[in-house]
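Take a look at the structure below.
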Amino acid sequence: FPGKPLKLSLATEEIATFYAKMLDHEYTTKEIFQNNFFHDWRKEMTSEEQEIIQDLAKCDFSEIHKYFVEKSEARKALPKEEKQKLKEEADKIQEEYGYCLLDGHREKIGNFKTEPPGLFRGRGDHPKMGMLKKRIMPEDVIINCSKDSKIPEPPEGHKWKEVRFDNTVTWLASWTENIQNTLKYIMLNPSSKLKGEKDWQKYEVARRLKDVVHEIRARYRADWKSKEMKNRQRAVALYFIDKLALRAGNEKEEGETADTVGCCSLRVEHIKLHPRLDGQEHVVEFDFLGKDSIRYYNKVSVEKRVFKNLQLFMKNKDPSDDLFDRLTTNFLNKHLQHLMDGLTAKVFRTYNASITLQEQLKALTNPEDNVAGKLLSYNRANRAVAVLCNHQRSVPKTFAKSMEILQAKIDAKKKQVEEAQQELKKAEDELEDTKDAKAEANVEKKKKLLKRLEEQLARLNVQATDKEENKQIALGTSKLNYLDPRISIAWCKKFGVPIEKIYNKTQREKFAWAIAMANEDFEF
DNA sequence: TTTGGGGACTCAGAAATGTACTG
DNA sequence: GCAGTACATTTCTGAGTCCCCAA
């Protein structure tokens with residue numbers, strides 16, 4: 001502290017380490033983060049510390065930071081045996097606490113540890129970033145198990161907040177988190193029977209939507225003319241949810257979270273209307289932050305009636321007013337429930353994602369391709385879905401570099417192709433002159449070589465395109481949460497692609513139900 | 001009768017960790 | 001054969017959706 005070390009109380013010191021560990025992160029440069037942190041930090045200080053430490057800017061965390069950097073490096077540099085030992089210890093803990101017994105089956109738990117204390121990191125412009133996330137004590141934890149089971153013992157000298165026996169819910173333990181005052185749960189791993197069955201159900205609901213979606217579309221198109229403004233807004237919103245795979249957009253408490261929206265919570269400022277744009281008519285330009293503060297930007301040509309309705313909804317409103325001021329997700333979902341049992345707004349996302357994958361696979365797969373080529377088609381189809389759902393990622397740090405390396409490979413291959421072309425020419429000339437069998441064989445050999453090189457070049461080019469197109473797109477989310485795995489499994493079986501090529505071990509465990517179920521004829 | 005909050009679950013990208021490849 | 005790095009996988013926990021219930 002101003003230039004000289006200061007001995008802190010244990011609690012104060014621990015919180016200081018939370019901040020020091022994050023020094024490299026952009027978070028710590030933000031004023032809100034600093035203010036929230038300092039406010040919460042001071043609350044935990046002794047009165048003497050409060051007296052001394054009145055200004056965060058005067059605190060120098062660099063020594064603490066350095067300590068942790070060194071510690072993590074020391075850990076990395078540990079000899080093999082030591083690392084092995086650590087791993088074994090972790091495995092032992094996993095073995096003891098990572099499983100539960102459900103209906104007589106041993107099932108893997110998803111998150112079997114409570115979250116450690118630290119500084120809250122919200123996504124985007126979060127008003128609570130930097131606040132202190134407190135340590136969870138046994139006294140905060142509710143245990144949920146069967147009456148006749150062996151009830152887990154709390155740590156020595158502690159007791160649980162509560163032990164209950166509720167078999168209508170799936171969680172094993174829960175606690176209330178102190179930042180947003182919401183519940184957190186210990187639940188099963190996606191590979192469990194329970195989660196698998198729910199996953200299956202989800203896709204079955206989406207498949208049922210397939211049967212009635214045409215009627216529903218006809219219905220909402222008709223409702224664009226509804227006399228009731230509420231219904232008209234609902235019909236336009238549903239059109240966006242269906243066509244653009246937008247999320248429902250529940251209302252959120254202002255000031256508690258980052259300012260993000262979904263369909264029903266869109267504000268006037270989030271869209272622009274262009275009667276004409278780039279040769280298209282009735283273009284709506286969307287620009288807003290969605291879940292996780294991921295930007296949604298899109299220009300879409302819409303039906304004239306939708307366009308007119310939007311103009312009407314925006315009339316005499318401020319930019320910060322709700323676009324669909326008469327609409328709530330509750331009202332929308334009630335309507336959907338009425339149209340089809342189990343139908344809610346999010347089902348459209350699942351349905352459109354899965355049907356898009358199926359259609360794209362049909363359109364893009366060439367049975368003549370080798371496995372690599374087919375996988376490329378698969379990734380393209382997957383990508384189409386990710387684009388639809390707006391699943392983004394930040395550009396990988398090493399992207400530019402690895403792209404350069406790939407480009408260098410392509411250039412080298414090009415050169416090889418050129419050389420092979422010349423060699424072939426030479427061989428052909430020679431054959432022209434000599435017309436002997438040896439020269440002919442040589443021509444064939446050179447032809448083969450050229451062909452192989454050209455194929456390699458083509459493959460590299462495709463790889464580069466694939467990489468470039470994938471730069472900002474995250475495929476994982478749709479693969480894990482939106483695409484009926486049976487579509488992919490059927491595709492694999494039909495085209496002789498090993499399932500391991502598209503699903504890794506964890507994913508195969510999660511989709512075990514589908515692997516057991518789908519044959520090559522499966523249709524979503 | 002809506003509205004608001006609690007509760008339980010799915011979905012989300014970043015960060016940490018593990019593995020495989022390359023020079 | 002080994003270290004360093006690129007890439008893949010796993011973990012983590014925040015951020016949504018949607019239902020229910022009570023005032």
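Below, chain A is the first sequence line, B the second, and so on; all start at residue 1.
The environment of A/D166 atom CG is dense: over 12 non-hydrogen atoms of other residues, nucleotides or ligands sit within 6.0 angstrom.
Contact annotation for A/I294: backbone-only contact, meaning every heavy-atom pair under 4.0 Å involves sugar-phosphate atoms and none involves a base.
The A/R247 side chain lies nearest to C/dT17 when the options are B/dC9, C/dT17, C/dT13. In this structure, the nucleotide among B/dG7, C/dC18, B/dA12 sitting nearest to the side chain of A/N333 is C/dC18. When the nucleotides C/dC18, B/dG7, B/dA12 are ranked by their closest atom to the side chain of A/R123, B/dA12 comes out on top.
Taking 4.0 Å as the cut-off between side-chain N and carboxylate O, A/K87 and A/D91 count as a salt-bridged pair.
You'll find the side chain of A/K291 stays beyond 4.5 Å of the side chain of A/T260, heavy atoms only.
Along DNA chain C, the nucleotide closest to A/R121 and the one closest to A/Q507 are compared, and the more 5′ of them pairs with A/Q507. In terms of position on DNA chain C, the residue among A/G342 and A/K467 whose nearest nucleotide sits closer to the 5' end is A/K467.
Residue side chain A/K346 does not reach the base of C/dC18 through any donor-acceptor N/O pair under 3.5 Å, judged by distance alone.
For the pair A/F331 CZ and B/dT2 P, the computed distance is 10 Å after rounding to whole Å.
Taking side-chain N and O atoms only, A/T477 has no distance below 4.0 Å to OP1 or OP2 of B/dA12.
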